[in-house]
Amino acid sequence: MRKFDPWPVFFKREWNRNWPFLVGFAITGTIVTKMSLSLTEEDAKNSPFAQRHKKGFMCTALSLLFPSLVL
């Protein structure tokens with residue numbers, strides 16, 4: 001006699017419960033990626049936000065991880 005395999009039941013139930021989140025996450029990710037890739041250096045030069053945060057993401061992340069490291 002074959003043993004009952006619960007995984008197909010589990011995945012079907014979870015898919016029915018989570019598909020709106022997964023689809024929304026995919027759509028939001030696509031929109032953010034397209035908008036981010038459309039930015040140019042000229043946009044960064046004219047952006048007050050970018051001017052206030054000139055250091056960049058990696059320098060900020062490294063300074064948060066290693067506060068004793070001075071960049």
Side-chain angles (χ1 to χ4, degrees):
M1 184 173 173
R2 278 184 31 184
K3 286 176 69 176
F4 175 69
D5 185 15
W7 287 109
V9 175
F10 172 77
F11 285 124
K12 181 175 170 61
R13 183 181 63 222
E14 290 302 312
W15 172 255
N16 287 335
R17 186 180 299 167
N18 290 323
W19 75 265
F21 168 76
L22 295 172
V23 170
F25 192 76
I27 291 170
T28 304
T30 303
I31 291 170
V32 168
T33 302
K34 282 188 151 205
M35 290 180 72
S36 298
L37 291 175
S38 70
L39 296 175
T40 63
E41 287 292 325
E42 189 64 31
D43 294 333
K45 287 179 186 173
N46 295 334
S47 167
F49 179 83
Q51 294 303 314
R52 277 182 280 159
H53 301 88
K54 265 189 174 177
K55 271 185 157 180
F57 172 74
M58 287 307 294
C59 292
T60 306
L62 287 174
S63 66
L64 288 174
L65 291 173
F66 306 104
S68 62
L69 182 67
V70 178
L71 296 174

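Excluded from the calculations below are hydrogen atoms, water molecules and symmetry mates; all remaining heavy atoms, backbone and side chain alike, are included.
- Atom OG1 of Thr30 and atom CE of Met35 lie 13.0 Å apart (nearest 0.5 Å).
- Under a 3.5 Å cut-off, the side chain of Thr28 and the backbone N or O of Phe25 do not form any donor-acceptor pair.
- Side chain of Asn46 to backbone of Glu42: a donor-acceptor contact under 3.5 angstrom is found.
- To the nearest 0.5 Å, the span separating CZ on Arg13 from CG on Asn18 amounts to 10.5 Å.
- By the neighbour-count criterion of 12 heavy atoms within 6.0 Å, atom CD of Glu14 is densely surrounded, having more than that number from other residues, nucleotides or ligands.
- Criterion: ILVMFWY side-chain heavy atoms under 4.5 Å apart, direct or through other members. Under it, Trp19 and Ile27 are part of a common hydrophobic cluster.
- Val32 and Leu37 sit in two unconnected hydrophobic clusters of ILVMFWY residues. Membership requires side-chain heavy atoms under 4.5 Å apart, directly or through other members.
- In this structure, Leu39 is not a member of the same hydrophobic cluster as Ile31, with clusters built from ILVMFWY side-chain heavy atoms closer than 4.5 Å.
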